[in-house]
Amino acid sequence: MSDPTPAAASATTPAAAPGALAELSVAEAGALLRSGRLSAVELAVHALELIEAHDASLHSFVLVTREQALERARQADRELREGIDRGPLHGIPYALKDVFAAEGLPTTNQSRLTLDDVATADSAVEERLRAGGGVLLGKLTTYEFAMGGPSPDLPFPPARNPWNTEHIPSGSSSGAGVAVAAGFLRVAFGSDTAGSMRGPAFHCGTVGLKPTYGLVSGHGATPLSPTMDHFGPLGWTVADTAAALQAVAGPDPRDPRTRDAPAPDYLTGLTGDVRGLRVAYSSAWYAADPATLPEITRGIERALAHLEGLGAIVEECELPPYELFNACGRIVMAAEGFATHERNLREAPREFGRFTYQKLMPGAGIGAEDLQRALDVRRRLAEALDRQVFSGHDVLVTACGQTTAARFDDFPRDWPPPRLANDMQTIPFALTGHPAMSLPLGFAGNGLPIGVQLVGPRFGEAGLFRAAIPLEAEFGRREVRPALTGPA
């Protein structure tokens, strides 16, 4: 990891600049709300004013629900005055990636095909957030159907990286990463099928958690690849992310993928004590790859050394080849993605954006035998991780992305694309279902964020939070925000 160069540092600003209210953590804001020294209406108005002032150049929102947000904020204030406490996000502003249904609002999926689809009921995620007293500010930009890319031929412009708007924020939960990094929100909610939350978190300098497969219900969320789709939070800090996960995790009889067991308490273990924590790493996936920035490799090495210095037990392990995870995951996602969208791909192919169509259509050539072979390989890879890593370790530390965010001009216009300049190493754990977190480690010399990926055993999110807290404190640079500007 390296600090920003003087030129890069000019693109950043102390965290107080977006406004003091924006820099209150979920826990700090919650304490003020419960004491009566702050109102949910004040929090919501402040966030809405930031969005109005700055989002015209960032495009993180596709819909801002101002009046509904203020009504929910007023309700939260009334309840808190009456001593009703609905949980960690009571009175806290948030927003949803536009693949989650919210009653009465369109679920556009950033697609002409569903531009006017208005939800008649809440998704499970929104249902729990509403029940938890959260204040929904609106819907966030996504890649089309959580696939595609930052395509100019879609109903809304693609979100732009707040650290440098000439660069992509990654995707597909692009608006979530941008809105949290810009300080509009402390938490947002997205989906992750191959890295769609961890990518924006990595490239925007936020915390992004892909929970264990089945920890958070996908009921009412637009599917892409049902056996790889995950749903969860992005936050500005580890503690914010833990609070957001607490609000939405748990079983749902409407989604048979969810585990029939209550979620544990993620908020009590955020102490920073990692003594005895068993940490594995394997540099073979990233260190020798010329695509990996040396700053990222050094950042991972420093993170491991820091954990070891605090009393964690750090050991090298052997992983199956990354290329095997990648190939297997691409086959499963392509086959399931095509099956999900087959009717529209056949009947209305020109309604898709170019990038989405190019990514979905290869699934048409994957036969049942090929898919079954990939599913068998997936099972063996998941078993290998459990046996070789998580039978003796609590956390695996590895790369999340291999370099900083690509420029919009670098995004491939041809198919198949060349190796992207922002290669992510996120698909293995979407394939196997293990929980994985993107954690910021500061900045590269060009002023853009870099980070690390923490992976755990199934339903081992508490261990990820435990390892992440001291790393965030040492390297996370949570005091630095991108310098926001008004409309271009």
Check: [Y] and [X] side chains under 4.5 Å, non-hydrogen atoms:
X	Y	result
E103	T120	no
T403	T292	no
R466	L277	yes
I300	Y281	no
E472	P440	no
V279	L304	yes
P233	V187	no
R254	E127	yes

Contact summary for [X] and [Y], nearest pair of heavy atoms:
X	Y	value
V178	P169	CG2-CB, 3.5 Å
V389	A280	CG1-CB, 4.1 Å
S191	V99	OG-CG2, 4.1 Å
N161	A405	ND2-CB, 3.8 Å
Q246	L267	OE1-N, 4.0 Å
G190	S173	CA-OG, 3.8 Å

Residues in ring pair (Phe, Tyr, Trp, His ring centres under 6.0 Å) contact with H90, at least two apart in sequence or another chain: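 With sequence neighbours excluded, H90 shows a ring pair (Phe, Tyr, Trp, His ring centres under 6.0 Å) to no residue whatsoever.
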Tell me every residue that passes ring pair (Phe, Tyr, Trp, His ring centres under 6.0 Å) with F465, counting only those two or more places apart in sequence or in another chain. Y266
Would you confirm whether [X], through its side chain, and [Y], through its main-chain N or O, come within 3.5 Å as a donor-acceptor pair?
X	Y	answer
N109	S111	no
E144	G353	yes
W236	A181	no
S172	M147	no
Q453	Q425	yes
D98	L140	no
S391	R387	yes
H59	P158	no
D229	S225	yes
T141	S60	yes

Are there over 12 heavy-atom neighbours, none belonging to F338, within less than 6.0 Å of that residue's CZ? yes
Taking atom CG as the centre, does D265 end up with more than 12 heavy-atom neighbours from other residues, nucleotides or ligands that are less than 6.0 angstrom away? yes
Enter the distance from [X]:[atom1] to [Y]:[atom2] here, rounded to the nearest 0.5 Å.
X	Y	atom1	atom2	answer
I469	L471	CD1	CG	9.5 Å
R198	K210	CZ	NZ	5.5 Å
T356	E351	OG1	CD	12.0 Å
D409	H167	CG	NE2	9.5 Å
I296	Q402	CD1	CD	7.5 Å
T206	L234	OG1	CG	4.5 Å

Between [X] and [Y], is there a side-chain N and carboxylate O pair less than 4.0 Å apart?
X	Y	answer
E295	R302	no
R186	D240	yes
R458	D386	yes
D370	R373	yes
R130	E126	yes

Do we get [X] above [Y]'s six-membered ring, with its NZ or CZ under 6.0 Å from the centre and within 45° of the axis?
X	Y	answer
R160	F408	yes
R259	F459	yes
R481	W163	no

Would a line drawn from the ring center of H434 to the ring center of Y213 be shorter than 6.0 Å?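 No: the rings miss the under 6.0 Å criterion.
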For H341 together with F145, are the ring centres under 6.0 Å from each other? yes
Show your reasoning for whether side-chain contact (heavy atoms from CB on, under 4.5 Å) applies to L89 and L129. CA-CA 8 Å; L89 295 192; L129 292 166; 3.6 Å; yes
Dump the intermediate steps for side-chain contact (heavy atoms from CB on, under 4.5 Å) on F443 and L448, then the final yes or no. CA-CA 5 Å; F443 304 90; L448 293 173; over 6 Å; no
Residues L396, F429; criterion side-chain contact (heavy atoms from CB on, under 4.5 Å); working and verdict: CA-CA 11 Å; L396 169 68; F429 313 109; 4.1 Å; yes
Can you check side-chain contact (heavy atoms from CB on, under 4.5 Å) on L215 and E461, steps first, answer last? CA-CA 10 Å; L215 180 62; E461 283 78 5; 3.5 Å; yes
Could you pull out every donor-acceptor pair under 3.5 Å between side chains of residues 317-325 and any protein atom, sequence neighbours left out?
from	atom 1	to	atom 2	distance (Å)
Y322	OH	M424	O	3.2

For F352 and Y357, take the angle between the two ring planes, folded into 0 to 90°, and tell me which bin it lands in: parallel under 30, tilted 30 to 60, perpendicular over 60. tilted
Is there a salt bridge (Lys or Arg N to Asp or Glu O under 4.0 Å) between R354 and D153 once you walk through the steps? CA-CA 7 Å; R354 178 180 178 183; D153 59 350; over 6 Å; no
